[in-house]
S.K.: 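Before I ask anything, let me first share the structure, which is written out below as structure tokens.
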Amino acid sequence: MHALIVVAHPLQDSLTNAVAAELAKGIAAANCADSWEIADLVGAGFDPRFNREDLALFHGNNAPAADIATEHARLERADALVLVYPLYWWSFPAVLKGWIDRVFSYGWAYEDKDGTLVKKLGWLPVHLVALGGADRGTLARHGYEGAMKTQIDHGIFGYCGAPVKTSTLLLASDVGYPEAHLQQALSLGQSLFAAHPIQQERPR
């Protein structure tokens, strides 16, 4: 089994990147046959701007640009997708949102067939790991977790058919911060492939 871990943080020595690294260690520790790849969007210089080529692809007038075709191939090699990111204004960082805008493209992630939505990513289990500074009480009072499920779980991955298997919030107010977050990431990695039934045949 192979996991694609996508990270969106500008600093290499950030807790976000450390969490991603521990998650990868957990995958390796659980089963030496399992593999992983970390896609550092900022480090790789991924361009998150939805451009004319992307719009032409959406309208069926263009093939995927080279950088998008590369990301599609990465995802098609994966048996699970893990997003590790800091909360910026209670949402994704711009580079991660732009990665989704461009990569989860029409015809690859979803399409319309005679007025019916076809969800094409049923084969791709998703795990979300978000790091934030607000405490859980604040997030609960403002309904953040419910909003996150609406925006991300349902609005993005549900629309494409990709099942969100776990959604983890790691907050600075948590007991044992930050070491507890690293341990939690290790545990998540160890259990990542425990139960991943394939709902849909992956692309060939």
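Worth saying up front: this structure is predicted, and the values here are computed from it rather than measured.
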S.K.: Is Tyr88 atom OH crowded by more than 12 heavy atoms from other residues, nucleotides or ligands, each under 6.0 Å away?
M.R.: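 Enclosed.
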S.K.: Considering residues at least two apart in sequence or located in another chain, which fulfil the side chain to side chain donor-acceptor pair (under 3.5 Å) criterion with Thr168?
M.R.: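 Listed in chain order: nothing, the list is empty.
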S.K.: Give every donor-acceptor pair under 3.5 Å between a side-chain atom in residues 130-137 and any protein atom, sequence neighbours left out.
M.R.:
{"residue": "Asp135", "atom": "OD1", "partner": "Gly137", "partner atom": "N", "Å": "3.0"}
{"residue": "Asp135", "atom": "OD1", "partner": "Thr138", "partner atom": "N", "Å": "2.8"}
{"residue": "Asp135", "atom": "OD1", "partner": "Thr138", "partner atom": "OG1", "Å": "3.2"}
{"residue": "Asp135", "atom": "OD2", "partner": "Thr138", "partner atom": "OG1", "Å": "3.1"}
{"residue": "Arg136", "atom": "NE", "partner": "Asp174", "partner atom": "OD1", "Å": "3.0"}
{"residue": "Arg136", "atom": "NH2", "partner": "Leu169", "partner atom": "O", "Å": "2.6"}
{"residue": "Arg136", "atom": "NH2", "partner": "Asp174", "partner atom": "OD1", "Å": "3.3"}
{"residue": "Arg136", "atom": "NH2", "partner": "Asp174", "partner atom": "OD2", "Å": "3.1"}

S.K.: Please tabulate, for side-chain N and O atoms in residues 89-97, each donor-acceptor pair with protein atoms closer than 3.5 Å (sequence neighbours left out).
M.R.:
{"residue": "Ser91", "atom": "OG", "partner": "Gln151", "partner atom": "NE2", "Å": "3.1"}
{"residue": "Lys97", "atom": "NZ", "partner": "Asp101", "partner atom": "OD1", "Å": "2.6"}
{"residue": "Lys97", "atom": "NZ", "partner": "Asp101", "partner atom": "OD2", "Å": "3.4"}

S.K.: Residues two or more places apart in sequence or in another chain: which of them pass side-chain contact (heavy atoms from CB on, under 4.5 Å) with Tyr106?
M.R.: Phe58, Tyr110, Glu111, Asp112
S.K.: Find the distance between CD1 (Ile100) and CZ (Phe50) and round it off to the nearest 0.5 Å.
M.R.: 13.5 Å
S.K.: Any heavy-atom pair between the side chains of Asn17 and Leu15 that's under 4.5 Å?
M.R.: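 Side chain of Leu15 against side chain of Asn17, heavy atoms only: no contact under 4.5 Å found.
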S.K.: Do Phe46 and Val103 have side chains that get closer than 4.5 Å, going by heavy atoms?
M.R.: yes
S.K.: Pick one: which of Leu4, Val126, Ile5 meets side chain to side chain contact (heavy atoms under 4.5 Å, CB included) with Val82?
M.R.: Ile5
S.K.: Side chain to side chain donor-acceptor pair (under 3.5 Å) with Trp36: which residues, sequence neighbours excluded?
M.R.: none
S.K.: List in chain and number order the residues that pass salt bridge (Lys or Arg N to Asp or Glu O under 4.0 Å) with Arg49, two or more places apart in sequence or in another chain; answer none if no residue qualifies.
M.R.: Asp47
S.K.: Tell me every residue that passes side-chain contact (heavy atoms from CB on, under 4.5 Å) with Ala30, counting only those two or more places apart in sequence or in another chain.
M.R.: Gln190
S.K.: Quick one: side chain to side chain donor-acceptor pair (under 3.5 Å) partners of His2, sequence neighbours excluded?
M.R.: Ser35
S.K.: Return the set of residues passing salt bridge (Lys or Arg N to Asp or Glu O under 4.0 Å) with Glu145 (not counting sequence neighbours), or none when no residue passes.
M.R.: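 Expected list: none.
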S.K.: I need the Leu81 CG to His127 NE2 distance, nearest 0.5 Å.
M.R.: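 Reported value, rounded in 0.5 Å steps: 9.0 Å.
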S.K.: Quick one: sort the Phe157 and Phe104 rings into parallel, tilted or perpendicular, breaks at 30° and 60°.
M.R.: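 Taking Phe104 first and then Phe157, their aromatic rings stand perpendicular (interplane angle over 60°).
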S.K.: Which heavy-atom pair separates Ala78 from Leu124 by the least distance, and what is that distance?
M.R.: O-CD1, 4.3 Å
S.K.: Would a 4.5 Å heavy-atom cut-off, applied to side chains only, mark Leu55 and Arg52 as touching?
M.R.: no
S.K.: Scan residues 23-35 for pairs that pass salt bridge (Lys or Arg N to Asp or Glu O under 4.0 Å), counting only residues two or more places apart or in two chains.
M.R.: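 As it turns out, the salt bridge (Lys or Arg N to Asp or Glu O under 4.0 Å) pairs with a partner in residues 23-35, which skip direct neighbours, are Glu22-Lys25.
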S.K.: Taking side chain to side chain donor-acceptor pair (under 3.5 Å) as the test, write out the residues that go with Gln12, two or more places apart.
M.R.: Asp40
S.K.: Sequence neighbours left out, what pairs pass salt bridge (Lys or Arg N to Asp or Glu O under 4.0 Å) with at least one residue falling in residues 56-71?
M.R.: Asp67-Arg102, Glu71-Arg74
